J.: 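Dropping the structure in here first, questions after.
We're numbering straight along the sequence, starting at 1. All values reported here derive from a predicted model rather than from experimental measurement. Excluded from the calculations below are hydrogen atoms, water molecules and symmetry mates; all remaining heavy atoms, backbone and side chain alike, are included.
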Amino acid sequence: MKLPVSIAVALALVMGASIAAFAQQASLQPSPPPGRLLLTPSAPLPRDGTYIANDKVSFTVDHQGGQVRLRFLDNDEVFYLTSEAAPMGGRVLKYDTGVVALQVTGWGGLTLYTTTARGGLPAEFVDVPMSVDPPPVSAKDMKAFAAKLAQELSTGNDFAIGFAADWDNIAPSDTLRALMCDAMRNATYALEDIAKSAKRGVVADRLHIVRVLQGTRPGVTLQKGILAITIAPQDGNGARPSSLAIRRVLQGGL
């Protein structure tokens, strides 16, 4: 059925006005968020798992207590990293020395930074998470654990260095024991690195004791032949200096 011309014109005018009003209303609505926000994943960055960088450096990452943890697969040290926001929804993760360890893009790309690769190495996800924590040490085995580390320093580097702690008052706390073991282990790694440098002779002559203490915050001091490492059990499993922080104090104090 054909409509009279006048009615058809009127309908066209009404429809045109409605479309124009809708377009004007839409133009007044706030703009959608920038597209980069779509790149921000819902999961924490980087995702838990095992990675490889430069086809030879393997490491594993996980999250615990709001912190990202990093462990290279060739030793038992666990690094607790701090996290900062980066452009485009990414993150920058740092060691306790403030040096960058990992950089993550908003879409998940990962770069590893090490003392020998300061420019960064692209890393690829290769497997599901492995256990980041080293095997636990019981209270009765603490002295034997410390003696083993001292023997490794003596045999491998000719260092006559012993470990001291308040052995008789070690509480039946998994956190305390883990922190004490980490502190001694991290000191051993730092000393092994120092042994490869020009400071080796100075360490052999001047340093004789690594003492682990409890305090309100983690720290490292070097005085009169004693390397004192402070742990803070009340702050959790990450409250102890890394080998990097210990090595920095050794290099600056010897």
J.: Can Val137 and Met142 be said to form a side chain to side chain contact (heavy atoms under 4.5 Å, CB included), step by step?
T.: CA-CA 7 Å; Val137 178; Met142 287 289 296; 4.0 Å; yes

J.: Using a 3.5 Å distance criterion without hydrogens, assess whether the side chain of Asp96 forms a donor-acceptor pair with backbone atoms of Ser242.
T.: yes

J.: Kindly indicate, with the supporting measurements, whether the criterion side chain to side chain contact (heavy atoms under 4.5 Å, CB included) is fulfilled by Leu102 and Leu112.
T.: CA-CA 5 Å; Leu102 298 170; Leu112 171 72; 3.7 Å; yes

J.: Does Leu179 belong to the same Ile/Leu/Val/Met/Phe/Trp/Tyr cluster as Phe163, with side-chain heavy atoms less than 4.5 Å apart forming each link?
T.: yes

J.: Cluster question for you: counting only ILVMFWY and a side-chain heavy-atom cut-off of under 4.5 Å, with indirect links fine, are Val220 and Val78 together?
T.: no

J.: Would you please name every residue forming a salt bridge (Lys or Arg N to Asp or Glu O under 4.0 Å) with Arg71, sequence neighbours left out?
T.: Asp76

J.: Check the hydrophobic clustering (I, L, V, M, F, W, Y; side-chain heavy atoms under 4.5 Å; chains of links allowed) and say if Val92 and Leu121 are grouped together.
T.: no

J.: Between Thr60 and Gly49, what is the shortest heavy-atom contact and its length?
T.: OG1-O, 3.2 Å

J.: For Thr175 and Pro233, work out which heavy atoms get closest and say how close.
T.: CG2-O, 3.8 Å

J.: Salt bridge between Glu152 and Lys148, side-chain N to carboxylate O under 4.0 Å?
T.: yes

J.: Ring pair (Phe, Tyr, Trp, His ring centres under 6.0 Å) with Tyr51: which residues, sequence neighbours excluded?
T.: Phe59, Phe125

J.: Checking Thr50 side chain against Val128 main chain: does a donor-acceptor pair fall under 3.5 Å?
T.: yes

J.: Near Met130 CE, under 6.0 Å, is it more than 12 heavy atoms from other residues, nucleotides or ligands?
T.: no

J.: With a cut-off of 6.0 Å (strictly less than), are more than 12 heavy atoms of other residues, nucleotides or ligands near CD of Gln234?
T.: yes

J.: Would Arg217 and Thr230 count as a side chain to side chain contact (heavy atoms under 4.5 Å, CB included) here? Give the steps.
T.: CA-CA 7 Å; Arg217 57 185 301 177; Thr230 302; over 6 Å; no

J.: State, to 0.1 Å, how close Tyr113 and Arg118 come at their nearest heavy-atom pair, and which atoms those are.
T.: CD2-O, 3.4 Å

